[in-house]
2 protein chains.
Amino acid sequence: MTELDDRKIKILDAIIRNYLDTGEPVGSRTISKYSDLNLSSATIRNEMSDLEEMGYILQPHTSAGRIPSDKGYRFYVDNLMKEKNREVTEMKEFMIEHTTKMEQVLQQMAKVLATNTNYAAMITAPSYQRNKVKFLQLSQMDNDQILAVIVMEGNIVKNKMIPTREALDSETILKLNILLNTSLNGLSVEQINLSTISKLKEQAGIHSNIVGDVLDALAEAIQEDEDLEIYTSGATNILKYPELSDSGKASELLSAFEEKQQLVGLVNDTLASEENGIQVYIGDESPVKNMKDCSVVTATYELGEGMQGTIGIIGPKRMDYENVMDNLKTLKVQLDTVFKKPKKE
Amino acid sequence: MTELDDRKIKILDAIIRNYLDTGEPVGSRTISKYSDLNLSSATIRNEMSDLEEMGYILQPHTSAGRIPSDKGYRFYVDNLMKEKNREVTEMKEFMIEHTTKMEQVLQQMAKVLATNTNYAAMITAPSYQRNKVKFLQLSQMDNDQILAVIVMEGNIVKNKMIPTREALDSETILKLNILLNTSLNGLSVEQINLSTISKLKEQAGIHSNIVGDVLDALAEAIQEDEDLEIYTSGATNILKYPELSDSGKASELLSAFEEKQQLVGLVNDTLASEENGIQVYIGDESPVKNMKDCSVVTATYELGEGMQGTIGIIGPKRMDYENVMDNLKTLKVQLDTVFKKPKKE
DNA sequence: ATTAGCACTCTAATTAAATGAGTGCTAACA
DNA sequence: TGTTAGCACTCATTTAATTAGAGTGCTAAT
């Protein structure tokens, strides 16, 4: 008996669905009564015993019903779960109410996701590495500082103060601006590599060191943010689920959300192994060890040209996978339209 | 017996200190043994009975010791507490490791505060209203957008995309930039009022509507952030205190930290009633109702010219007030030096 | 192969009893 | 008159014992 036969599958399905619903271990009698199999509880018991031996379900203790094991959940997610296909409209109205800044859009998205699912949600800004430079400007601030402003595709603006040895006259600044813009415009951040830089420096002549400083500073500014830009919402939803809310676990999880740094692991793992775009981590499968008692569902979204970001939901293993995945899928579509079509007004 | 005599004060002090230490209701016998009063427990009992009648302490139930009431804590904070006077150096090293951005400094501060006290910490950026405009620049982005960058004292940079009807030629932009800079440079944000604006518009001639748009957009950009810039850290510390960590309360409090919006009330109240700069809210005294089971200690810091921000600690009523206030005071001093002395490197 | 029936297991809920910290009061004392 | 010893009383907390019930596993009959 190495394969699951049809009847076992039906029973496993029933057990898991029931458990997702109630959160209580489910017994043979329940399945016998509330399924269309028309089998006695005794028969179910035998089958359950087999399912347990095969590792799909387990008993919290001898005289309790069964709950799904990680393997069981995995089977459910891979084979049993039905995909909903909701209309994509619903979310829209919530989403963007004339927010022009990307941060706000993302923060808003996280909130919607958290509210819709009642789990904790996270979302990262798309990596800037492949984003293209659209505009670049230096301005003399005072005697020893230059302000550099960079605008990327999607109107993402970064700025940085650059300390300088001495003030530059306005003509030099103007020249530098023209030089930088003509050479870098349209390049992606990751394309600005050593050879580009040295070529630029050459062209800059006596100001080559300034150019170097500027590029360094920009790289730094972009890098700084890259680490941080994870938006979260509904972290406190975790407290709603008793299996996660006992003081120790809750505290660890909530810290992970507060620090955000720990979520990076999740993001990277998701970006690395892109399957159909949605990843489900059940318990120990998660790359973040604090989350071994949770399930994590993540998806990548793409903004064309390979710029991608990550969205994710963290909740109890007993999670409404169907709803979560539906939500993520919907949001994914939304994100595409939001960023691709430049917004008017 | 309307006034506290000396002995009662000593007993009250002993009760509160003991309770802050242990978190357990304290009984007459404890005080009798561990104080220098040399009184029998019976005498203490009589005094405690009086103190209870006067509202300084209370019994969780008949056969328990006493714990301080809000009134008791208040008396302690106002009259009994000793002020520490720690050296100001200690914090420094943690604090700024070549972070140039204010956000990062503030975030770091919050973290230090939370780590030092083991409570939840918050900190707001100083209000921009009184900050002075240092530099202002418009740049044509594409056919229907202008990028406006504004730099304020303390190198705080804001930017905003402004939609326009048609593109402006570079000469016009140049003129506008000169106009804006000469007229606004050195003015504080709140000084840019209607009369300034109308004067500016007049000078701008045919481009007056653009000027209007620009100023509106800037005002909006500044306002947007003003609401949001509250940094927090250590919110999960709340879970360390049993009196706050039962699911209901913890969840409310943590949400308050997640939403941040709720903390605004605290900030405003603190800014409004500046006493010696440090405010203590005990239980119901707090302007935020979710925090009626906590104590909140806040302070304002000032950056000269009336720009002020707020720092705060939220923890259980049974809080180490001495340590908290000491920390806040120290940080306050730190903040002054950090922002006032322009950082080199 | 399926099922009815029954003994068995183990958790969770309920109740009862024991413990002990702490009070309030009274009467004696200095 | 203020202080203290002594004692009865209260009540939350702990421990133990009991019960109830859900669910299983096994066996024998269908």
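Below, chain A is the first sequence line, B the second, and so on; all start at residue 1. For the numbers below, each heavy atom of this structure counts, side chains included, while hydrogens, waters and symmetry mates do not.
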(request) For A:A42 and for B:R29, locate the closest nucleotide of DNA chain C by heavy-atom distance; then report the residue assigned to the nucleotide nearer the 5' terminus. (result) A:A42
(request) Taking only heavy atoms on the protein side, list every residue of residues 12-21 of chain B lying under 4.0 Å from any atom of DNA chain D, sorted numerically. (result) none
(message) Given 3.5 Å as the limit, does a donor-acceptor pair link the side chain of B:S69 with the main chain of B:L58, or not?
(response) no
(message) So, does B:R7 get its side chain near the phosphate of D:dT3, meaning an N or O under 4.0 Å from OP1 or OP2?
(response) yes
(request) Pick base, sugar-phosphate or nothing for B:S28, based on heavy-atom distances below 4.0 Å to the nucleic acid. (result) sugar-phosphate
(request) Give, ordered by number, those residues of residues 60-68 of chain A having at least one heavy-atom distance below 4.0 Å to an atom of DNA chain C; if nothing qualifies, reply none. (result) A:H61, A:T62, A:S63
(request) Establish, with yes or no, whether the OP1 or OP2 oxygen of D:dT4 is under 4.0 angstrom from a side-chain nitrogen or oxygen of B:T43. (result) yes
(request) Can you spot which of B:V296, B:V297, B:D70 makes a side-chain contact (heavy atoms from CB on, under 4.5 Å) with B:I282? (result) B:D70
(request) May I have the distance from A:E52 (atom CD) to D:dT24 (atom P), rounded to whole angstrom? (result) 10 Å
(message) What is the distance, to the nearest angstrom, from the CD atom on B:E24 to the P atom on C:dA21?
(response) 12 Å
(message) For A:Y321, give me all partners under side chain to side chain donor-acceptor pair (under 3.5 Å), at least two apart in sequence or on another chain.
(response) A:S295
(request) Considering only NZ, NE, NH1 and NH2 on the basic side and carboxylate oxygens on the acidic side, decide whether A:E259 and B:K111 come within less than 4.0 Å. (result) yes
